[in-house]
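Encoded as structure tokens, the structure appears first; notes follow it.
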Amino acid sequence: QVQLVESGGGLVQVGGSLRLTCAASTRTFSSYIMGWFRQAPGKEREFVAAISRLGGSPTYADSVQGRFTISRDNAKNTVHLQMNSLKPEDTAVFYCAASTSMVIRSTPQLFNYWGQGTQVTVSS
């Protein structure tokens, strides 16, 4: 069982930045692909970014490419999402997720464990 706890959300103005952190309670953190998803009101949960077990192969949704950066620290059992140039359409609850899949996929169903989410609101 893996417990994931997100932090770092909040209210930010258009063009601002936020850094989300996900802390994982597991002794085998490096065995999981880690990802970030988001869900806006009335919309389905959508893929944002993912990173491989050793920190390579960062993968991004087209909507955040060039603005968001995912990273992980296996020594601290954490994964981060640096979000720059935020837009109102980035407003959502952001979720951290862990996957035992062999390769990175953007499908939520392939992620086994989820955090409770952290709210990000971008005001114009």
Say whether, by atom type as modelled, one donor and one acceptor occur between the side chain of [X] and the main chain of [Y] under 3.5 angstrom.
X      : Y      : value
Tyr32  : Ser101 : no
Asn112 : Thr100 : yes
Arg53  : Ser31  : yes
Thr59  : Ser57  : yes
Thr107 : Gln109 : no
Glu6   : Gln116 : yes
Asn84  : Phe68  : no
Thr118 : Ser7   : no
Arg72  : Gly56  : no

What are the two closest non-hydrogen atoms of [X] and [Y], and how far apart are they?
X     : Y      : result
Asn77 : Phe29  : OD1-CB, 3.3 Å
Asn74 : Ser30  : ND2-CB, 3.5 Å
Trp36 : Val79  : CZ2-O, 3.7 Å
Ala24 : Val2   : CB-CG1, 4.4 Å
Ser17 : Ser85  : OG-N, 4.4 Å
Ser99 : Phe111 : CB-CD2, 3.5 Å

Please confirm whether the ring centroid of Phe47 lies under 6.0 Å from the ring centroid of Phe37. yes
Can you list the steps and then say if Gln119 with Thr91 is a side chain to side chain contact (heavy atoms under 4.5 Å, CB included)? CA-CA 8 Å; Gln119 177 70 48; Thr91 295; 4.0 Å; yes
What about [X] and [Y], same hydrophobic cluster or not, with Ile/Leu/Val/Met/Phe/Trp/Tyr joined at side-chain heavy-atom distances under 4.5 Å?
X      : Y      : result
Ile104 : Leu81  : no
Phe94  : Met34  : yes
Tyr95  : Val122 : no
Tyr113 : Val93  : no
Val14  : Leu18  : yes

Side chains of Tyr60 and Ile70: does their closest heavy-atom pair fall under 4.5 Å? yes
Would the number of heavy atoms belonging to other residues, nucleotides or ligands and lying under 6.0 Å from CD of Glu46 be above 12? yes
Is the number of heavy atoms from other residues, nucleotides or ligands under 6.0 Å of Glu89 CD greater than 12? yes
Trace of the side chain to side chain contact (heavy atoms under 4.5 Å, CB included) decision for Val120 with Leu20: CA-CA 9 Å; Val120 170; Leu20 305 183; 4.1 Å; yes
Quiz question: by atom type and distance under 3.5 Å, do the side chains of Thr78 and Asp73 form a donor-acceptor pair? no
Would you kindly say whether His80 and Thr21 are connected by a side-chain donor-acceptor distance under 3.5 Å?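 Present: a donor and an acceptor within the cut-off.
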List the residues meeting salt bridge (Lys or Arg N to Asp or Glu O under 4.0 Å) with Arg67, not counting sequence neighbours, and say none if there are none. Asp90
Value rounded to 0.5 Å, distance of SG in Cys96 from CG in Leu4: 4.5 Å
Nearest 0.5 Å, what's the OG-CG distance between Ser124 and Leu86?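 Separation between the atoms: 13.0 Å.
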